J.: 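Got a structure here, written out as structure tokens. Questions coming.
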Amino acid sequence: MENTCTLWAPRILGVLRIVTGYLFFWHGSAKLFGIPHVPMFDNLQIMSLVGLAGIIEVVFGFLVFIGLFTRFSAFIASGMCAAAYFIGHVATQGQFFLPMLNRGEAAVLFCFIFFYIIFAGPGAWSIDGLRKDKTS
């Protein structure tokens, strides 16, 4: 069992990175491009905090998804999610220790998944991994 887990760990990390980047990208796409349409983001000002969050989500979500500059991208994304939690959820809804009540669960989960990726690296199926193999 342990050998199987060791063999599959980089692949599962790669899947976690890909799924997380994909989901993060679509949060930004909804804000910037209206795809998928979320009425709350209608008439969004790009030069607002939510507009800046959308830019970060699209750019760094895509980079994490493809595994390019993964650790740096995860660092930026994790920091943005931490800021979003405190500025967008705690400051407006209260309940610091109860993300379920301030609707900040996604921000917390994204923050800590990206934080893990900073240290764990991109896992399997990443451009960073391809670039590393070519320089070795």
Side-chain angles (χ1 to χ4, degrees):
M1 177 72 174
E2 190 165 327
N3 288 340
T4 302
C5 289
T6 301
L7 175 68
W8 279 88
R11 296 172 186 158
I12 299 304
L13 174 58
V15 170
L16 178 68
R17 173 189 49 81
I18 290 165
V19 170
T20 304
Y22 176 82
L23 293 173
F24 201 61
F25 171 85
W26 286 109
H27 274 260
S29 177
K31 290 175 179 128
L32 298 181
F33 311 123
I35 303 169
H37 181 254
V38 177
M40 177 172 73
F41 300 133
D42 288 346
N43 303 315
L44 174 87
Q45 299 296 313
I46 196 137
M47 296 307 289
S48 66
L49 283 176
V50 177
L52 177 60
I55 293 167
I56 291 170
E57 289 163 344
V58 165
V59 171
F60 294 102
F62 182 73
L63 289 174
V64 168
F65 175 74
I66 64 173
L68 180 61
F69 310 120
T70 307
R71 292 176 195 266
F72 175 76
S73 298
F75 177 78
I76 299 298
S78 179
M80 194 236 37
C81 289
Y85 182 71
F86 290 107
I87 295 169
H89 296 279
V90 173
T92 61
Q93 306 285 322
Q95 302 295 335
F96 176 84
F97 290 109
L98 294 170
M100 183 185 293
L101 297 180
N102 67 29
R103 292 182 259 159
E105 290 173 303
V108 171
L109 286 171
F110 274 125
C111 179
F112 280 93
I113 292 170
F114 286 128
F115 192 70
Y116 173 70
I117 291 171
I118 293 167
F119 295 94
W125 311 304
S126 68
I127 293 176
D128 287 341
L130 294 173
R131 293 171 63 218
K132 182 180 168 188
D133 289 344
K134 287 184 180 184
T135 60
S136 297

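Predicted model only: the values in this text are computed from it and were never measured. No hydrogens, no waters, no symmetry mates; every other heavy atom, side chains included, goes into these values.
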J.: What do the steps show when you test R131 against L68 for side-chain contact (heavy atoms from CB on, under 4.5 Å), and what is the final call?
T.: CA-CA 9 Å; R131 293 171 63 218; L68 180 61; 3.7 Å; yes
J.: Has the side chain of N102 got a donor or acceptor atom that lies under 3.5 Å from a matching backbone atom of Q93?
T.: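 Not at all, since once roles are kept as given, no pair shorter than 3.5 Å links the two residues.
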J.: For a quick test of reading the model, state the closest non-hydrogen atom pair linking S78 to C111 and the distance between them.
T.: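 So the two residues come closest at OG-O, 3.0 Å.
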J.: Quick check on the hydrophobic clustering: are V58 and I18 connected, directly or via other members, by side-chain heavy-atom contacts under 4.5 Å?
T.: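 Result: yes, single cluster for both.
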J.: Around atom CZ of F62, are there more than 12 heavy atoms from other residues, nucleotides or ligands closer than 6.0 Å?
T.: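 No, because the 6.0 Å sphere around CZ of F62 holds 12 heavy atoms or fewer from other groups.
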J.: Does R103, at its CZ atom, have more than 12 non-hydrogen atoms belonging to other residues, nucleotides or ligands within less than 6.0 Å?
T.: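 12 or below, so no.
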J.: Side chains of W125 and V15: does their closest heavy-atom pair fall under 4.5 Å?
T.: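 The answer is yes; the side chains approach within 4.5 Å.
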J.: So, do F110 and F24 have ring centers that fall under 6.0 Å from each other?
T.: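 Here the rings of F24 and F110 have centres that are less than 6.0 Å from each other.
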J.: Is there a path of hydrophobic side-chain contacts, each under 4.5 Å between heavy atoms of I/L/V/M/F/W/Y residues, joining M80 to F112?
T.: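 No, no single cluster joins them.
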J.: With rounding to the nearest 0.5 angstrom, report the CG to CZ distance, N43 to F41.
T.: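 The distance works out to 13.0 Å.
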J.: Looking at I113, V64, D128, I66, which one forms a side chain to side chain contact (heavy atoms under 4.5 Å, CB included) with R17?
T.: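 Among the candidates, only V64 passes.
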J.: For the atom pair CZ (F75) and CZ (F114), what is the distance rounded to the nearest 0.5 Å?
T.: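 If we round to the nearest 0.5 Å, F75:CZ and F114:CZ are 13.5 Å apart.
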J.: Would you please classify the geometry between the F65 ring and the Y22 ring as parallel, tilted or perpendicular, with 30° and 60° separating the classes?
T.: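 Plane angle between 30° and 60°, so tilted.
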J.: Does I46 share a hydrophobic cluster with I87, counting links as ILVMFWY side-chain heavy atoms below 4.5 Å and allowing steps through other members?
T.: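 Hydrophobic grouping puts I46 apart from I87.
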J.: Judged by atom type as modelled, is there a donor-acceptor pair below 3.5 Å linking the side chain of Y85 to the main-chain atoms of A106?
T.: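 Answer holds: no.
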J.: Are any side-chain N or O atoms of S73 and backbone N or O atoms of F69, one a donor and one an acceptor, separated by less than 3.5 Å?
T.: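 Confirmed, S73 side chain pairs with F69 backbone.
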J.: Assigning hydrophobic clusters by single linkage (Ile, Leu, Val, Met, Phe, Trp, Tyr; side-chain heavy-atom cutoff under 4.5 Å), is L130 placed with I117?
T.: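 Result: no, two separate clusters.
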J.: Determine, using the 4.5 Å side-chain heavy-atom cutoff (strictly less than), whether I35 and I56 are members of one ILVMFWY cluster.
T.: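 Yes, same cluster.
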J.: Do H37 and D42 come within less than 4.5 Å of each other through their side chains, counting heavy atoms only?
T.: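 Counting from C-beta outward, H37 and D42 do come under 4.5 Å.
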J.: List the atom of L13, the atom of G121, and the distance in Å for their closest heavy-atom pair.
T.: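 That closest heavy-atom pairing would be CD2-O, 3.5 Å.
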J.: Using atom types as modelled and distance alone, determine if a side-chain donor or acceptor of T6 lies under 3.5 Å from a backbone N or O of E2.
T.: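 Yes: the side chain of T6 pairs with the backbone of E2.
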J.: For L49, look at atom CG and say whether over 12 heavy atoms of other residues, nucleotides or ligands are found less than 6.0 Å away.
T.: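 No, the 6.0 Å shell around CG holds no more than 12 heavy atoms from other groups.
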J.: Would F72 and L63 satisfy side-chain contact (heavy atoms from CB on, under 4.5 Å), going step by step from the backbone distance to the final call?
T.: CA-CA 10 Å; F72 175 76; L63 289 174; over 6 Å; no
